[in-house]
Protein chains: 2
Amino acid sequence: MTLAQLNNKFLPDCLDGGMGVGYTLHTCAINHLCSVYRVLAMEKVSIKDIAKAAGVSHSTVSRALRESPLVNVHTKERIQDLACEMGYSPDAQARSLVTGRSYTVGVVVTTIADPFVAEVVQGMESTAHDHGYTVILSSSNSEPEREIAAVEMLRAKRVDGVIVTSSRIGALYLDNVERIGAPVVLINNHNEQSGHYTYTISVDNHHGSLLATNHLINQGHSRIAYITGPANHSSDTERLAGYRQALSEDSIPYDPTLVVPGDGKPVGGMRALQALIERTQPPSAVFCYNDMTAIGLLRAAREAGISIPGDLAVIGFDDIPLASFVCPPLSTISQPKKEMGRLAMEMVLTLAESDDPVRPESSDIVVKGKLEVRQSTL
Amino acid sequence: MTLAQLNNKFLPDCLDGGMGVGYTLHTCAINHLCSVYRVLAMEKVSIKDIAKAAGVSHSTVSRALRESPLVNVHTKERIQDLACEMGYSPDAQARSLVTGRSYTVGVVVTTIADPFVAEVVQGMESTAHDHGYTVILSSSNSEPEREIAAVEMLRAKRVDGVIVTSSRIGALYLDNVERIGAPVVLINNHNEQSGHYTYTISVDNHHGSLLATNHLINQGHSRIAYITGPANHSSDTERLAGYRQALSEDSIPYDPTLVVPGDGKPVGGMRALQALIERTQPPSAVFCYNDMTAIGLLRAAREAGISIPGDLAVIGFDDIPLASFVCPPLSTISQPKKEMGRLAMEMVLTLAESDDPVRPESSDIVVKGKLEVRQSTL
DNA sequence: TTGTAAGCGTTATCAC
DNA sequence: GTGATAACGCTTACAA
């Protein structure tokens, strides 16, 4: 059976919908047809191959495949069937080369293994998907040079936009941002001296901190400790400030020795608990920079025989999925993670799709966290 | 100052290393130079622009930028400096179009918010990075048609390979796999009737199940329940089989009523506990399909006032990060998640880079889990 | 050592 | 309606 003969056997309902971007081709029934087609499909079939087989020019094929009205409905169908039979898959790169849009956005994270990050990324991916975009994932491991290398790589891949979570890069970054050509939005940016000419999504750390500290105060605590996060993160500075404001609003004197250093990870929380219980006058409650810190603290407390919340009330920040499953379930400030991912993606797509060459100077969305009361403070 | 004049001001140490793929361009000191360059960088600069500025042909530029030996060392330097100054970024898509390699692999997951998946993906991403590849992430939400659409999209993006985790697609898939043109490796494939002409990485479910059940038996238990995972997953079938074999090896009669349905999620575990304690003769130990199930069960037990492991010993499967932090810390079978991600990525890259057109019929790597004893069984 | 030209798979602008 | 033809930015023979 020759190719010409096969080409005459058109399948009627080969396509199950408009081809649009051409991703629905797979549904055609040809899958189960003559194995000769398999072989044909092996060799990448291009628009030109279809043109040759259909006896038309490649531009006609292009039009037919993109549902252009500028093509005879009959030949359009014929071409679509043929494309389907031959196992055609449009080359997104070639298309991007001429259209200038890749329908791809780059996402730079510290590590995807961080449950907080993972949920944010899920929000991003799903909204990207809804808009017909795909996501390139890149990890920075919190190393600035890896982060900037990732951005450069994304530039080479001609992404339509970039989202960076928990960026460590500040002023140095901005120069690169201007060169990248695609919009860059930062989510929970951790750098102190940024905040000019950028697009950001971030949680209101100060507000969340007020919620957490006030909750502890309302529970009757007045000796309240704060375990810090990693140094030089603006989020930590802001959370500390909120903690101090809550204290002062209730006329509770601020005791700097009750601020003990952590690192945003369980081990930091474990060490912090040690430091706290060694004090002559330990606190009755503690507000931790984040849930991971609180969870480490919880674990150390269990090992040290300290009852939570009896001896010590504990509240965290983030509301990672783990928080409600630890023992006791952890009170915390819930960040709308998926929502933030969604917002970041929508912002970057809006920027990418605006044909207005001059973008707004900056755009910063601040979302508010929510107090989640669980057993660790009751 | 004209472009020509600027072009004469070559920066000496503009590049800090071999250009290779051209991702190190950003490090050049020009960042802080004349703002005229900024403007130039705004308009995408191509190899031809550099050629024009340098007064050579664009092929010479191409060679210079790729460290080809076929170019005068002096002009090479001149061109590299120029490229750097002008803020050149190579177009990976254009390059891919001609070389046929995109240095990109697609990763399809159920959801990245699953901590198990996230860790596997981290293993993938980091080894991809080490090999100079990038990762496109796509979520299937466990919906077969979304999964297959994702694969089709990846085909359009001309990825060099695809990794699918926890695939639900079976025979139907294989046809598509043959058409994709790029190697596809499945990791912890969940489909019953697959297992021919594919490349897979999976954990030895049967073996892990033996470990878990034997551990419970060694602890003196003989009434041991099993909470199943989602229906029709081969992993569940295999774990159940391992459980049964362990029982029979110790001459413990198999009681089908001790196998209660779960769904692989906490809620399934919570419901399962309810079912167990309502029995006249409840089990003294329970082996859960996975950690999420066990964690739900733990929580329900706490609420029902059942002591773990006093009243009921519990063991899970997976060893997600959460497992060691719940209360009591959960005994489980640890899957080498990052390792599996690494193996999958290396397999797909090996397949992609082998210029041998005929690939091995199939290649299946089975890794063994490890018993992780914690307080929930002691 | 360098330049010319062809081509990768598209879309887009013209004519016809 | 359709078909040449020219891009898009790059690599790579083949010539010079």
Side-chain angles (χ1 to χ4, degrees), chain A residues 19-23 25 43-80 83 86-104 155-160 181, chain B residues 19-23 25 43-79 83 86-103 155-160 181:
Chain A
M19 279 209 29
V21 283
Y23 295 161
L25 280 174
E43 335 273 319
K44 291 259 148 252
V45 17
S46 81
I47 218 176
K48 279 182 188 161
D49 299 319
I50 300 174
K52 207 174 299 173
V56 295
S57 79
H58 75 278
S59 24
T60 300
V61 175
S62 175
R63 278 188 281 258
L65 260 29
R66 321 201 78 253
E67 289 292 343
S68 163
L70 303 159
V71 59
N72 180 296
V73 57
H74 183 63
T75 64
K76 172 160 74 182
E77 262 181 26
R78 198 162 57 94
I79 287 170
Q80 290 187 349
M86 297 173 73
Y88 171 75
S89 164
D91 187 322
Q93 314 201 80
R95 177 179 298 175
S96 165
L97 196 58
V98 34
T99 61
R101 326 214 64 250
S102 64
Y103 293 96
T104 300
R155 178 152 90 114
K157 290 265 204 272
R158 296 299 187 261
V159 295
D160 295 332
Chain B
M19 280 210 28
V21 284
Y23 293 161
L25 280 175
E43 335 273 319
K44 291 257 147 254
V45 19
S46 79
I47 218 175
K48 278 183 189 160
D49 300 320
I50 300 174
K52 206 174 300 173
V56 296
S57 79
H58 73 278
S59 33
T60 301
V61 175
S62 174
R63 281 187 278 258
L65 260 30
R66 323 203 77 252
E67 290 291 345
S68 162
L70 302 160
V71 58
N72 180 296
V73 58
H74 183 62
T75 64
K76 171 161 74 180
E77 263 180 26
R78 197 161 60 93
I79 288 171
M86 298 172 74
Y88 172 74
S89 164
D91 188 322
Q93 314 200 81
R95 177 178 298 176
S96 165
L97 198 56
V98 31
T99 61
R101 325 214 65 248
S102 64
Y103 294 96
R155 178 150 91 116
K157 290 265 203 272
R158 296 299 187 261
V159 296
D160 295 332

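Order of the sequence lines fixes the chain letters, A, B, ..., with proteins taken first and strands second; residue numbering starts at 1 for each chain.
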Rounded to the nearest 0.5 Å, how far apart are [atom1] of [X] and [atom2] of [Y]?
X        : Y        : atom1 : atom2 : value
A/Met86  : A/Lys44  : CE    : NZ    : 12.5 Å
B/Leu70  : B/Ser59  : CG    : OG    : 11.0 Å
B/Ser96  : A/Leu97  : OG    : CG    : 10.5 Å
B/Ser102 : B/Lys157 : OG    : NZ    : 11.0 Å
A/Glu77  : A/Asn72  : CD    : CG    : 9.5 Å

inquiry  = Please identify the 5'-most and 3'-most nucleotides of DNA chain C with any atom under 4.0 angstrom from a heavy atom of chain B.
reply    =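 Answer, 5' to 3': C/dT1 to C/dG9.
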task = Please determine which of B/Asp49, B/Val61, B/Leu65 meets the side chain to side chain contact (heavy atoms under 4.5 Å, CB included) test together with B/Tyr88.
result =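 Among the candidates, only B/Leu65 passes.
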query = Using the C1' atoms of the five pairs at each end, what is the angle between the end axes of the helix from C/dT1-D/dA16 to C/dC16-D/dG1, to 10°?
reply =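 Comparing the first five pairs with the last five, the axes sit 40° apart.
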ask   = For every nucleotide of nucleotides 9-16 of chain D, 5' to 3': is a protein heavy atom under 4.0 Å from its base (B), only from its sugar-phosphate (S), or from neither (-)?
value = BBBBB---
ask   = Side-chain contact, heavy-atom cut-off 4.5 Å: B/Thr60 with B/Ile79?
value =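 In short, these two side chains touch, coming nearer than 4.5 Å.
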ask   = Do the side chains of A/Glu67 and A/Lys76 get nearer than 4.5 Å, heavy atoms only?
value =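 Yes, their side chains come closer than 4.5 Å.
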ask   = So what does B/Thr75 touch, heavy atoms closer than 4.0 Å: a base, only the sugar-phosphate, or nothing?
value =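 Sugar-phosphate, backbone atoms only, no base.
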ask   = Do we see a donor-acceptor contact under 3.5 Å between the side chains of B/Arg158 and A/Ser89?
value =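 The criterion, which ignores hydrogens and geometry beyond distance, is satisfied for A/Ser89 and B/Arg158.
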message = Any side-chain to backbone donor/acceptor pair from B/Thr99 onto B/Arg95? Under 3.5 Å, distance only.
response =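 Such a contact is found between B/Thr99 side chain and B/Arg95 backbone.
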